[in-house]
Amino acid sequence: MIKNVKERYHEKKLMFSAFTLIEMLCVLFVVSMISLCSIYGFVGLKNRVEQQVFLQTFENNLAYIHERAIIGENATYIRAKQYFVSIDFPYDGQPEEVLYPPKTLKISDSESITFHHYTGTYGPISSFVFYDKLANRRIIYQLFLGSGRYEKRIE
């Protein structure tokens with residue numbers, strides 16, 4: 001009878017199956033690879049969104065300071081340096097605003113433009129050039145003389 005109980009116990013033990021350590025490691029590896037792929041895609045999306053936000057803010061400020069120069073009694077300034085773009089709003093009494101481009105966007109040329117008060121003109125034809133490291137292309141904002149308008153070109 002004891003022998004019979006032992007045999008039944010071993011039979012039941014063999015009927016139960018579970019994950020082995022190797023199977024568990026394989027499942028963990030597959031899950032981690034899938035999550036890594038999704039994180040990589042998310043980082044690329046985040047970089048593109050940061051670029052778009054910076055460029056849109058730059059465009060909005062460019063139009064705004066031109067408008068403020070025409071309306072106001074003071075000239076407005078926009079300066080592009082190697083690591084930042086500074087925008088001066090003396091008419092509004094606001095401090096100078098500084099825009100820092102994302103790491104994937106580089107300011108190619110240092111440029112400074114003064115929009116003269118009441119007219120909004122700014123002297124020679126100027127442009128702001130940014131280099132997009134993600135797509136290996138240049139983004140050029142070519143300003144038209146006297147009108148305050150600009151053309152955005154991507155090369």
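These numbers come from the heavy atoms of this one structure, side chains and all, not from hydrogens, waters or symmetry mates. Since we're looking at a predicted model, the values are computed, not measured.
- Interatomic distance, CZ of Arg137 versus CG of Asp132, reported as 5.0 Å (0.5 Å rounding).
- One distance of note links CD1 of Ile140 with CD1 of Ile154; it measures 10.0 Å at 0.5 Å rounding.
- Contacts of Lys46 classified as salt bridge (charged side-chain N to carboxylate O under 4.0 Å, His left out), with partners at least two apart in sequence or in another chain: Glu50.
- Heavy atoms of other residues, nucleotides or ligands lying less than 6.0 angstrom from CG of Leu45 number more than 12.
- Counting only distance, with no hydrogens or angles, the side chain of Glu23 and the backbone of Thr20 share a donor-acceptor pair below 3.5 Å.
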Using atom types as modelled, flag every donor-acceptor pair under 3.5 Å from a side chain in residues 27-34 to any protein atom, sequence neighbours excluded.
from, atom 1, to, atom 2, distance (Å)
Ser32, OG, Leu28, O, 3.1
Ser32, OG, Phe29, O, 2.8

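- Sorted by first and then second residue, the salt bridge (charged side-chain N to carboxylate O under 4.0 Å, His left out) pairs with a member in residues 52-63 read Glu59-Lys152; sequence neighbours excluded.
- Taking Ser108 as the reference, Val129, Tyr131 meet the side-chain contact (heavy atoms from CB on, under 4.5 Å) condition, with sequence neighbours excluded.
- Side chains of Asn47 and Gln51: no donor on one and acceptor on the other come within 3.5 Å.
- The salt bridge (charged side-chain N to carboxylate O under 4.0 Å, His left out) test applied to Glu67 returns no partner, not counting sequence neighbours.
- Taking the ring centroids of Phe128 and Phe58, they lie under the 6.0 Å cut-off.
- At least one side-chain heavy atom of Tyr150 sits less than 4.5 Å from a side-chain heavy atom of Leu62.
- Atom OG in Ser35 sits 14.0 Å away from atom CZ in Phe42 (nearest 0.5 Å).
- Residues passing the salt bridge (charged side-chain N to carboxylate O under 4.0 Å, His left out) test with Arg153 are Glu151, Glu155, sequence neighbours excluded.
- In this structure, CD1 on Ile78 lies 10.5 Å from OH on Tyr141, to the nearest 0.5 angstrom.
- Among the candidates Val98, Thr57, Ile107, the single residue satisfying the side-chain contact (heavy atoms from CB on, under 4.5 Å) test with Val85 is Ile107.
- Side-chain contact between Leu134 and Leu105 is absent, with no heavy-atom pair separated by less than 4.5 Å.
- Side-chain atoms of Thr76 come within 3.5 Å of backbone atoms of Ile65 as a donor-acceptor pair (strictly under, hydrogens ignored).
- Here the CZ atom belonging to Phe54 is positioned 5.5 Å from the CG atom belonging to Leu99, to the nearest 0.5 angstrom.
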